[in-house]
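See below for the structure under consideration.
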Number of protein chains: 2
Amino acid sequence: MFSKTCEYAIRAIIYIYNKSNLCDCKVGIKEIATEIQSPEHFTAKILQVLSRQEIVSSVKGPNGGFYMSSAQGQIKLLDIVRAIDGPRVFMGCALGLSQCDESRPCPIHTEYKPIRDKMLTMLTNTNVESLATKLEEGSVFLVK
Amino acid sequence: MFSKTCEYAIRAIIYIYNKSNLCDCKVGIKEIATEIQSPEHFTAKILQVLSRQEIVSSVKGPNGGFYMSSAQGQIKLLDIVRAIDGPRVFMGCALGLSQCDESRPCPIHTEYKPIRDKMLTMLTNTNVESLATKLEEGSVFLVK
DNA sequence: ATATTAAAAGACAAAAAGGTCTTTTAATAT
DNA sequence: ATATTAAAAGACCTTTTTGTCTTTTAATAT
Ligand code: FES
Ligand code: FES
């Protein structure tokens, strides 16, 4: 459903938000990659993109690393997914027509659109903080 | 959401079922590719796969081509998607954990699973005939 | 039987996604 | 000021997806 890139992005962001708020510190790419079991350099590139979009913050140098403010905890999953896969994600036609158009629908439009819209609603209503909270509680997991 | 391969597959199947039942004839790959606006040889390969899985039928030679019985009209979208993308499609964890596991869920499992399940239900309940009927009515379209 | 036809099969190639490694830049502790 | 540190940037590679082209196989009309 999501690209690998998106999967790593979301897992990394949840980890960073949780950890950097817990210890009020910055967290390095090496630790992130280890903890979420993702390829280190690839994850670094993804975080560069998210950093440019100000979804995550970073500082270089000693004691540097990635961190997020509590304001950034209000960022929605949709913001992350859009930053990676582009602004049109979960907007297109299921059968690849040039656009999803009510007035000229593809054969599965009626069946598909409600589901796609639920997905979009879910991504719009879910923020990083709520997910990080569940992680801190220990009721959800980022690996295995 | 679906791979390009799946998109072409579904569009091709709907076209073939509709056309081959309407005129009680076989329909060639050239016509299919033109009518659904897909790459001809690529579409041919996809239909080879679907043909091996007996989702569509074909005969070689003069007046040959692809066709589908009315029994094949009862085939579900899920059968097509599985034939192409494998049997585990829409079963995995949203965040790429090794499996989607209730007892060890990822942070978005609660939000994601109901949507994924709706998708699976939709694909299970939608058959080719119902889509082809809509196409024949002229209420839906395969191109643009 | 043979020529014709159309799908099947297979070799290739381009593009995108996923991933690795090295060099550069900038922050900061000393 | 300088050495150290860690992210940013960029070159490069691998795999998968998507797509093209040619050859082979098999059906059938003649
Ligand atoms: S037109 Fe295809 S999903 Fe809306
Ligand atoms: S565990 Fe991730 S979706 Fe179920």
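Quick caveat: nothing in here was measured; it's all calculated off a predicted structure. Side-chain atoms are counted along with the backbone in the values below, which use heavy atoms only and exclude waters and symmetry mates. In what follows, every chain begins at residue 1, and chains take the letters A, B, ... in the order their sequences are listed.
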Rounded to the nearest angstrom, tell me the gap between atom [atom1] in [X] and atom [atom2] in [N].
X     : N      : atom1 : atom2 : result
A/E54 : D/dA8  : CD    : C1'   : 16 Å
B/I29 : C/dA9  : CD1   : P     : 14 Å
A/L50 : D/dA8  : CG    : C1'   : 14 Å
B/E7  : D/dG19 : CD    : C1'   : 15 Å
A/K30 : C/dC21 : NZ    : P     : 12 Å
B/I46 : C/dA7  : CD1   : P     : 15 Å
A/F66 : D/dA6  : CZ    : P     : 12 Å

message: Rounded to the nearest 0.5 Å, what separates atom CD1 in A/I10 from atom OG1 in A/T5?
response: 11.0 Å
Has [X] got a side-chain N or O lying under 4.0 Å from the OP1 or OP2 atom of [N]?
X     : N     : answer
B/S51 : C/dA8 : yes
B/R52 : C/dA9 : yes
B/S58 : C/dA6 : no

task: Scan residues 1-50 of chain A for pairs that pass disulfide (SG to SG under 2.5 Å), counting only residues two or more places apart or in two chains.
output: A/C23-A/C25
- prompt: Should we count CD of A/E54 as having more than 12 external heavy atoms under 6.0 Å?
  reply: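 Open.
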Give me, pair by pair, the N or O atoms of the protein and of nucleotides 16-19 of chain C that are less than 3.5 Å apart, along with how far apart they are.
| unit_1 | atom_1 | unit_2 | atom_2 | d |
| --- | --- | --- | --- | --- |
| C/dG18 | OP1 | A/K4 | N | 3.3 |
| C/dG18 | OP2 | A/T5 | OG1 | 3.2 |
| C/dG19 | OP2 | A/Y8 | OH | 3.2 |

- request: Would you mind building the protein contact string for nucleotides 22-30 of chain C? One character per nucleotide, 5' to 3', B for base within reach (heavy atoms under 4.0 Å), S for sugar-phosphate only, - for untouched.
  value: B--BSBBS-
field: Where at least one partner belongs to residues 76-85 of chain B, residue pairs that pass salt bridge (Lys or Arg N to Asp or Glu O under 4.0 Å), sequence neighbours excluded
entry: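 Residue pairs passing salt bridge (Lys or Arg N to Asp or Glu O under 4.0 Å), neighbours aside: none found.
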Using the side chain to side chain contact (heavy atoms under 4.5 Å, CB included) criterion, which residues pair with [X]? Sequence neighbours excluded.
X      : answer
A/T124 : A/L78
B/K4   : B/E7, B/Y8
A/S69  : A/A71, A/Q72

Could you give the side-chain donor-acceptor pairs of residues 37-51 of chain A under 3.5 Å, partners two or more places apart or in another chain?
| unit_1 | atom_1 | unit_2 | atom_2 | d |
| --- | --- | --- | --- | --- |
| A/S38 | OG | A/T43 | OG1 | 2.6 |
| A/T43 | OG1 | A/P39 | O | 2.6 |

- prompt: At how many degrees, to 10°, do the end axes of the helix from C/dA1-D/dT30 to C/dT30-D/dA1 meet when each uses five pairs?
  reply: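 The value is 0°.
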task: Considering non-hydrogen atoms only, spot the tightest contact between B/C100 and B/G92 and give its length.
output: CB-C, 4.1 Å
query: Checking only heavy atoms, does the side chain of B/Q48 share a donor-acceptor pair with the base of C/dA7 at less than 3.5 Å?
result: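 No such pair is found, so the answer is no.
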field: For DNA chain D, the residues among residues 85-101 of chain A that have a non-hydrogen atom under 4.0 Å from it
entry: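 Those residues whose heavy atoms fall under 4.0 Å from DNA chain D, taken from residues 85-101 of chain A, amount to none.
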query: Can you list, by residue number, the residues of residues 67-81 of chain B that have a non-hydrogen atom closer than 4.0 angstrom to DNA chain C?
result: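 Hits under 4.0 Å, by residue number: none.
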Which atom pairs, donor and acceptor, lie under 3.5 Å between side-chain atoms of residues 126-144 of chain B and protein residues at least two apart or in another chain?
| unit_1 | atom_1 | unit_2 | atom_2 | d |
| --- | --- | --- | --- | --- |
| B/T126 | OG1 | B/M122 | O | 2.7 |
| B/N127 | OD1 | B/E129 | N | 3.3 |
| B/N127 | OD1 | B/S130 | N | 2.9 |
| B/N127 | OD1 | B/S130 | OG | 3.2 |
| B/N127 | ND2 | B/Q74 | OE1 | 3.3 |
| B/E129 | OE1 | B/Q74 | NE2 | 3.0 |
| B/S130 | OG | B/N127 | O | 2.8 |
| B/T133 | OG1 | B/E129 | O | 2.8 |
| B/K134 | NZ | A/P107 | O | 2.9 |
| B/K134 | NZ | A/E111 | OE1 | 3.2 |
| B/K134 | NZ | A/E111 | OE2 | 3.0 |
| B/E137 | OE1 | B/S139 | OG | 3.4 |
| B/S139 | OG | B/K134 | O | 3.2 |

